[in-house]
Amino acid sequence: SNEMLDKVSKIDVTNIIDVKIYMDSENKIVEIGNCDNLSAKFVWIHTLLEQEKGVSGTIVVKDINDVYFTEVYNKENENE
């Protein structure tokens with residue numbers, strides 16, 4: 001959706017089989033791997049963006065059968 005595209009800061013295609021999308025406003029990196037199954041990958045990305053709203057980290061959708069989110073440890077938040 002356009003809403004998701006508006007969040008994209010940078011797309012790194014330096015390695016075409018390990019594509020990364022940076023969403024600075026969401027404090028997230030999305031690792032999509034290669035460009036296979038993009039429709040399914042973007043459904044997962046949308047879902048995880050909603051589930052992990054406000055949480056910094058990495059969404060990994062390289063394999064649509066093994067999709068996950070890894071939270072980034074933020075030292076500033078350790079006492080909250």
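Expressed to the nearest 0.5 Å, how far CD of Glu71 lies from OG of Ser56 amounts to 7.5 Å. Once rounded to the nearest 0.5 Å, the distance linking CD1 of Ile17 with NZ of Lys62 reads 9.5 Å. Here the CZ-CG distance, from Phe42 to Leu49, works out to 10.0 Å after rounding to the nearest 0.5 Å. Atom-to-atom distance recorded for Asn27:CG and Ser25:OG is 8.0 Å, nearest 0.5 angstrom. Summarising the geometry, atom CG belonging to Asp63 is positioned 13.5 Å from atom CD1 belonging to Ile32; distances are rounded to the nearest 0.5 Å. Considering OG1 of Thr47 and CZ of Phe69, their distance stands at 13.5 Å, rounded to 0.5 Å.
Leu38 and Val60 are members of different hydrophobic clusters when ILVMFWY side chains are connected at heavy-atom separations under 4.5 Å. A continuous path of hydrophobic side-chain contacts links Ile59 to Val55 [ILVMFWY only; heavy atoms under 4.5 Å]. Residues Val19 and Val8 share a single hydrophobic cluster, defined by chaining ILVMFWY side chains whose heavy atoms lie under 4.5 Å apart. Using a 4.5 Å cut-off between side-chain heavy atoms of Ile, Leu, Val, Met, Phe, Trp and Tyr, with links allowed through other members, Ile21 and Val13 fall into the same hydrophobic cluster.
When all heavy atoms of Lys41 and Asn34 are compared, the pair lying nearest together is NZ-O, 2.9 Å.
A heavy-atom distance below 4.5 Å is not found between the side chains of Val30 and Thr58. Met4 places a side-chain heavy atom less than 4.5 Å from the side chain of Ile45. By the 4.5 Å heavy-atom criterion applied to side chains, Tyr22 and Asp12 are counted as neighbours. Residues Val61 and Glu31 form no side-chain contact, since every pair of their non-hydrogen atoms from C-beta on lies 4.5 Å or further apart.
Looking only at distances, a side-chain donor or acceptor of Lys28 sits under 3.5 Å from a matching main-chain atom of Glu52. Not a single donor-acceptor pair under 3.5 Å links the side chain of Ser9 to the backbone N or O of Met23.
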